[in-house]
Amino acid sequence: MKKFNLFLVVALFCATGLTSCLEGENKSQGYDLGVLDYSFTAPVMKTFSYAFYGPELVSLMAQGTLELGGCYYFQYTIDYDLPENSEEMVKLNGYYTVSIVPLAEAQRFYPNSYLTDTLTLLTNELPVADILLSEGGLFGYAENYLFVTHSVNHEKDLDVQWDMSYEDNDNVMTEENGKRQYNLFVRATSKTARDESKAAMEYSHFNAYYLRDFLESAARTEKERLGSSYNNTSSTFTVKFNYVSGINEDSEITWQSKSVDIFISMLIQE
């Protein structure tokens, strides 16, 4: 399959829900995150909220640039005056018809349900400069994938691999200052040892993790805990991303963390 040559040099920000009206026309333009799938006989980008069909998807699949199951960041323009975008047709087809431009493809990973040794340096491990969960990074949830942007300092063309793991037991949740947090551990390694003679710079890595089981389990636990106070439009649970931010000369690692609140209603259908 042909790969995008657009590595994340596009503007990085939280993509979902960003739209703008085009002056003088019944159109809007937006950016979103989605997974390429089929709706009946048409290829569509399935996002958290909608499905989008565009004729460009057909041609890009024929060229081998897109593949079914791929996870993408894309731009779309929707014309609400098109007959295909009437309320009746959207309900019938299950998607909006748009002009669509894929901008970047996320690497896909499946997390490990056992925790890697958090005290031991992995082979060719790289410290992660940052995990971007809101402004400054592409972040969102669609079709069971959690989209996350990572920032790492390394030399050009280094083949970076990612590991996300969690404890599949009661220890997955910790409580800090009265707040319950569900822990994910993210680590980066390279296939080969780094060439220290080469200059390093900061690169953004756009990843999609299939986290349905982890996230839905955490959401259900929180719903059970909240009981009658559960509100599907406002109740949240917190995911804590733990990552190796530093490695000293004695191969000792330093952990850092970032947390984000996720709406329970995103993951539990009433």
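Quantities reported herein were computed from a predicted structural model and do not represent experimental measurements.
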If you take all heavy atoms of [X] and [Y], which pair is closest and at what distance?
X	Y	value
F139	L132	CB-O, 4.2 Å
K258	Y243	N-CE2, 4.4 Å
E202	A129	OE1-CB, 4.4 Å
Y31	Q75	OH-NE2, 3.0 Å
Y141	R212	OH-CA, 4.0 Å
T238	D261	OG1-OD1, 2.6 Å

Can you label the angle between the [X] ring and the [Y] ring as parallel, tilted or perpendicular, going by 30° and 60°?
X	Y	value
H154	Y203	parallel
Y53	Y95	tilted
Y76	F52	parallel

Quick one, [X] and [Y] - any side-chain contact, counting heavy atoms below 4.5 Å?
X	Y	value
L215	V239	yes
I262	F237	yes
T97	M89	no
Y182	F214	yes
F147	V35	yes

>> Whether the D163 and T189 side chains hold a donor-acceptor pair (N or O, under 3.5 Å, no angle test) is what I'd like checked.
In response: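 Note: D163 and T189 side chains miss the donor-acceptor criterion.
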
>> Hydrophobic clustering (ILVMFWY, side-chain heavy atoms < 4.5 Å, transitive) - are V44 and L68 grouped together?
In response: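 Different hydrophobic clusters.
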
> Taking it one step at a time, do Q161 and D159 satisfy side chain to side chain donor-acceptor pair (under 3.5 Å)?
Replying inline: CA-CA 7 Å; Q161 303 296 306; D159 190 350; 2.8 Å; yes

> Hey, mind stepping through E222 and R225 against salt bridge (charged side-chain N to carboxylate O under 4.0 Å, His left out) and telling me if it holds?
Replying inline: CA-CA 5 Å; E222 288 306 295; R225 181 181 69 88; 2.8 Å; yes

> More than 12 foreign heavy atoms under 6.0 Å from CZ of F109: is that the case here?
Replying inline: yes

>> For D250, I'd like to know if atom CG has over 12 heavy atoms of other residues, nucleotides or ligands within 6.0 Å.
In response: yes

> Given L126 and L158, is the side chain to side chain contact (heavy atoms under 4.5 Å, CB included) satisfied, shown in steps?
Replying inline: CA-CA 11 Å; L126 303 169; L158 193 68; 3.9 Å; yes

> Thinking salt bridges, do R220 and E216 make one under a 4.0 Å N-O criterion?
Replying inline: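 So R220 pairs with E216 through a salt bridge.
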
